[in-house]
Structure formats: structure tokens, C-alpha cells
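Atoms considered below: every heavy atom in the structure, side chains included; atoms not considered: hydrogens, waters and symmetry mates. Start at 1 and go down the list; that is how both ligands and their atoms are numbered.
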Amino acid sequence: MLAGVLPGIGLANASPAKRRVPFGAALEYRHFINDPDYTALFVNHCDMIFPMNALKWDALQGAPGEFNYLPAEGIVSFAETLGRGTYGHTFVWWNALPAWVEKIDSAAKAEEVLVSHVQNVAAHFAARVPSWDVVNEVVAHDPVNEGPWRDSLWMRLLGPSHVDIAFAAAAEAAPGAELAINDYDLEFRGARYDARRTAMLDLVRRLQDKGLRVDTVGIQGHLYPEVPIGHEELERFITDLKALGVGYRITEIDVIDWKLPRDASRRDDMAAEHVGNFLDAAFSAELPRSVSTWGLSDRYSWIPDVMPHRRGGKNRPLPFDENLKPKPMYEVIQRYLAS
Ligand code: G3I
């Protein structure tokens with residue numbers, strides 16, 4: 001049956017080993033369609049396979065009321081056919097908005113469009129997508145100087161209430177689904193990161209005070225080896241979430257290795273060590289509901305476009321190398337996930 005899903009996929013090791021915490025990765029549709037060897041890596045190693053970009057607004061509703069579900073449907077069905085989990089990223093984000101949404105200039109229209117997008121997408125996938133990032137990256141990059149909320153079209157038109165509106169719409173449209181807030185820079189040591197964790201906890205309390213359900217916080221885990229992991233800080237953050245009845249997932253691990261040495265094997269060891277420090281801090285507070293990486297192999301990543309290696313090396317941000325061979329980072333992650 002699998003060969004029918006995607007011809008050419010290697011089935012030698014089609015089911016990953018049993019783990020105590022599921023391992024997932026985000027899959028870009030273009031590569032899913034065009035690179036069967038890459039897609040086979042997901043089949044062989046992932047308990048969860050989910051769309052990297054196909055569930056974003058610009059991919060789903062490029063023109064008002066015209067929904068294109070084909071790419072997202074392709075990946076969700078693929079995961080389903082394999083008996084793997086999946087994940088919904090994301091209903092509301094400051095980025096990946098089509099031009100027609102960027103042109104909205106009234107609060108009433110913004111609310112109408114936001115609610116109808118959530119309703120439409122949630123209804124389309126119903127229980128097939130069991131967890132949603134309802135909002136992504138709503139905490140200000142630097143909450144002390146620009147915060148606590150991140151600037152966005154939704155903030156400008158609706159203020160912080162856009163998050164309430166999104167959570168209320170998601171709770172109604174996807175009543176059985178896990179509802180999450182996903183964000184970055186929640187794992188490091190330093191004043192800006194303290195402020196981001198505080199802003200996130202305040203946001204969770206705000207939603208709860210309004211009677212809105214928040215199930216999990218997604219800690220993205222885009223890691224910078226030059227920025228130390230805040231071991232106690234992250235542990236406390238996860239414990240504080242737990243006290244509010246909120247769990248967590250690790251959603252987008254990769255290592256931004258732009259400042260690491262050029263030597264590939266040294267770089268891989270340093271990246272693996274940093275991922276280990278991160279997982280160590282998080283796991284010592286509580287087990288996450290899942291651990292996912294943002295892509296799976298160095299063959300495809302957003303990092304070379306945004307933060308290319310400064311000494312002319314090719315970025316090596318992910319658990320598998322360009323040739324789809326496992327790196328020390330993969331071994332480290334699996335050590336934490338193993339039962
Ligand atoms: O699909 C089109 C394709 O048809 C076209 O030929 C090509 C030409 O540039 O563009 C393709 O779309 C691109 C898409 O990725 C798929 O490759 C978009 O231009 C590009 O903006 C988009 O970038 C994604 C970005 O989010 C914005 O949506 C990155 O792949 C993705 O890694 C990144 O992911 C974010 C998370 O959602 C949130 N956390 C941070 C993370 C990294 O920035």
C-alpha cells in the first residue's frame with residue numbers, strides 16, 4: 001500500500017522504533033512531491049509528519065473564499081495512510097498572509113475573515129488534524145522594548161483580542177482538538193528571553209481568565225549555539241505552564257550554526273551538544289507531548305537563506321546530512337525520546 005502512496009519510497013525500515021515521546025518533522029510539499037528519497041526519511045524515522053507551509057494562510061486561501069487544500073491534504077493523508085500522527089501549523093500568524101488579507105483595513109472585516117478562515121480550515125480537516133497552532137509568534141521579539149505583543153496586521157486592527165477571537169473560533173470549530181500557542185526564543189538565558197517567557201505565561205493566563213482553553217505551548221527550539229540554554233529558566237517555565245494546566249511540545253528544532261567553526265564534524269558535534277542541553281532542560285521539567293524538527297535533512301532548510309554560515313560552510317542545521325545520513329544530533333534526540 002505504501003508504494004502506492006509514493007512510488008519509490010524505501011520500505012526497509014518503514015516503522016520507526018517505539019519511543020516514549022513521539023518524534024515528528026515538518027515536511028514541505030514541494031519536496032514531498034519531488035524528492036522520494038527525502039520523503040522516505042520521514043517514513044522511516046517519524047511518528048508524526050506534518051505540513052511545514054501547506055497549512056499557512058497564503059497556501060490555503062490565496063484569494064478570498066478560494067481554498068486550496070490539495071498540498072495540505074496530500075501530506076495529512078500521507079501521514080494517515082502510514083498510521084502516523086500529524087499537526088496543524090498554523091491558523092493565525094503575522095507572516096505568510098496573502099496580499100488580499102494584508103489590504104484589510106477595518107477591525108470588523110479582520111474579525112470576520114479570521115473567524116471564517118479558522119472555521120473553514122478546521123471543518124475541512126475535522127478530527128484528522130488533532131492539534132493546531134491556533135496562534136504562532138504573537139509575543140513581541142523583545143517584550144521589554146516593543147511588547148508584550150508582536151506587531152502584526154491582526155494586532156493593528158484588532159489588538160490583543162485577535163488571540164481571544166482565534167482561540168474562541170478554534171474551540172468552536174475544532175472542539176476535540178488540542179489548541180496551542182507556538183513561539184520562539186523561549187529556551188535561552190538572558191533578560192529578553194525572561195521577558196518572552198513572562199509574556200507567554202501572561203498570555204496563557206489572559207486566555208484562561210476569559211474562559212478560553214489553551215492545551216499546550218509550542219517551544220519552537222530554533223537554537224543558536226552562541227546563546228546558552230537557560231536550564232533552570234526553561235525548567236521553571238515548563239513547571240509554571242504545568243501549574244496552569246498547560247502542557248508543551250517542542251515543535252521546530254534546528255540549529256542556526258552560522259557562527260560555528262567551518263569543520264563539519266566539529267560543527268555537528270557542537271550542534272548535537274546544544275540540542276542535548278536544550279532537551280535535558282526541558283525533559284527534566286516534564287516530558288513534552290512530542291519533539292519535532294523543522295525539516296529533517298540539511299538538504300532543505302530555511303536557515304541558509306536567512307542566516308548563511310559566516311565562514312563559507314554550508315549550513316548543517318538538522319538531524320540528517322545532505323545525503324540523508326544521520327548526524328550526532330539525531331542520536332542525541334533519539335536518546336531522549338527512547339522508551
Ligand atoms: O511555494 C512557493 C513556490 O511555488 C515558489 O516557486 C517558491 C519561490 O520562492 O516559493 C514557494 O513558497 C515559499 C515557501 O516557503 C515554500 O518553500 C515561500 O516563498 C517562503 O516564504 C516560505 O518560507 C517559509 C516561511 O516559514 C514562511 O512561510 C519557510 O519555508 C519555513 O521554514 C518558515 O517556517 C517558520 C515557521 O512557520 C514558524 N517559525 C519559524 C520558521 C522559520 O522561519
Side-chain angles (χ1 to χ4, degrees), residues 24-35 38-39 42 48-63 66-76 86-102 117 121 129 131-141 150-154 163 166 180-188 193 196 200 216-224 227 248-258 275 278 290-308 315-320:
L27 176 54
E28 161 57 29
Y29 184 69
R30 233 167 352 130
H31 311 318
F32 167 60
I33 291 302
N34 295 324
D35 188 342
Y38 176 69
T39 299
F42 287 71
M48 280 171 55
I49 303 172
F50 56 95
M52 175 180 281
N53 294 308
L55 284 170
K56 291 175 182 173
W57 197 308
D58 58 353
L60 286 176
Q61 198 186 173
E66 286 176 27
F67 286 84
N68 173 17
Y69 284 113
L70 204 94
E73 184 64 47
I75 295 175
V76 169
T86 194
Y87 194 85
H89 174 83
T90 170
F91 287 139
V92 177
W93 192 22
W94 57 269
N95 197 0
L97 292 173
W100 71 270
V101 173
E102 297 276 12
H117 183 81
V121 178
V129 174
S131 321
W132 286 99
D133 285 339
V134 178
V135 296
N136 186 45
E137 301 174 1
V138 291
V139 171
H141 182 71
R150 186 183 182 119
D151 179 51
S152 70
L153 170 107
W154 309 112
V163 177
I181 312 175
N182 192 46
D183 221 313
Y184 66 95
D185 282 2
L186 294 169
E187 52 283 275
F188 306 118
Y193 311 108
R196 289 182 56 81
M200 179 60 84
T216 50
V217 164
I219 298 174
Q220 291 185 356
H222 295 292
L223 304 178
Y224 298 79
V227 186
Y248 82 104
R249 291 179 186 268
I250 294 175
T251 52
E252 303 187 15
I253 291 182
D254 49 26
V255 174
I256 297 156
D257 62 342
W258 60 339
V275 170
F278 169 48
S290 61
V291 170
S292 298
T293 52
W294 202 242
L296 202 49
S297 132
D298 297 338
R299 197 176 276 189
Y300 308 114
S301 164
W302 64 286
I303 293 174
D305 295 334
V306 181
M307 287 170 278
N315 295 77
R316 303 177 65 85
L318 286 158
F320 290 83

**Asked** Are R299 and D35 close enough for a salt bridge, meaning some N to O gap below 4.0 Å?
**Response** yes
**Message:** Main chain of A26, side chain of E28: is a donor-acceptor contact present, judged purely on distance under 3.5 Å?
**Reply:** no
**Message:** Whether the side chain of T86 engages the backbone of I49 through a donor-acceptor N/O pair (distance < 3.5 Å, no angle test) should be reported.
**Reply:** yes
**Prompt:** Under 4.0 Å from atom 39 (N) of ligand 1, do we find at least one protein heavy atom?
**Reply:** yes
**Request:** Report the part of Y184 in contact with ligand 1, treating N, CA, C, O as backbone and CB onward as side chain, heavy atoms under 4.0 Å; options are side chain, backbone, both, neither.
**Result:** neither
**Message:** Would the distance check show the side chain of N315 and the main-chain N or O of I256 forming a donor-acceptor pair, the cut-off being under 3.5 Å?
**Reply:** no
**Message:** Can you confirm whether some protein heavy atom lies under 4.0 Å from atom 31 (C) of ligand 1, or whether none does?
**Reply:** yes
**Prompt:** Can you find a protein heavy atom closer to atom 43 (O) of ligand 1 than 4.0 Å?
**Reply:** yes
**Exercise check, heavy-atom protein proximity under 4.0 Å to atom 13 (C) of ligand 1** = no
**Request:** Measure up the Y38 and F42 rings against each other and bin them: parallel (under 30°), tilted (30 to 60°), perpendicular (over 60°).
**Result:** perpendicular
**Asked** Right, does atom 9 (O) of ligand 1 have protein non-hydrogen atoms nearer than 4.0 Å?
**Response** no
**Item:** Heavy-atom nearest neighbour of atom 33 (C) of ligand 1 within options K56, M52, R30
**Value:** K56
**Contacting atoms of ligand 1, where contact means under 4.0 angstrom from a heavy atom of N136** = 38 (C)
**Closest protein heavy atom (residue, atom, distance) for atom 24 (C) of ligand 1** = N53 OD1, 3.4 Å
**Request:** Flag this pair as yes if the NZ/CZ of R196 is under 6.0 angstrom from the six-membered ring centre of Y184 and inside a 45 degree cone about the axis; otherwise no.
**Result:** yes
**Complete:** Numbered in order shown, the ligand 1 atoms found under 4.0 Å of a heavy atom of H222 are 39 (N), 40 (C), 41 (C)
**Request:** Kindly indicate whether atom 21 (O) of ligand 1 is approached by any protein heavy atom to under 4.0 angstrom.
**Result:** no
**Message:** Tell me if the centroids of the rings in W94 and W57 come within less than 6.0 Å of each other.
**Reply:** no
**Complete:** salt bridge (charged side-chain N to carboxylate O under 4.0 Å, His left out) filter on D151, not counting sequence neighbours, yields R156
**Message:** In the complex you have, is atom 16 (C) of ligand 1 within reach of the protein, judged by whether a heavy-atom distance drops under 4.0 Å?
**Reply:** yes
**Asked** With a cut-off of 4.0 Å, which atoms of ligand 1 are near a heavy atom of E137?
**Response** 38 (C), 39 (N), 40 (C)
**Asked** With a 4.0 Å heavy-atom cut-off (strictly under), which part of W294 contacts ligand 1: side chain, backbone, both or neither?
**Response** side chain
**Prompt:** Does the protein put a heavy atom under 4.0 Å from atom 27 (C) of ligand 1?
**Reply:** yes
**Request:** Report the distance from atom NE2 of H222 to atom OG1 of T251, rounding to the nearest 0.5 Å.
**Result:** 7.0 Å
**Message:** Run the ring-ring contact (aromatic ring centres under 6.0 Å, His included) test against F320 and tell me which residues pass, sequence neighbours left out.
**Reply:** H45, Y330
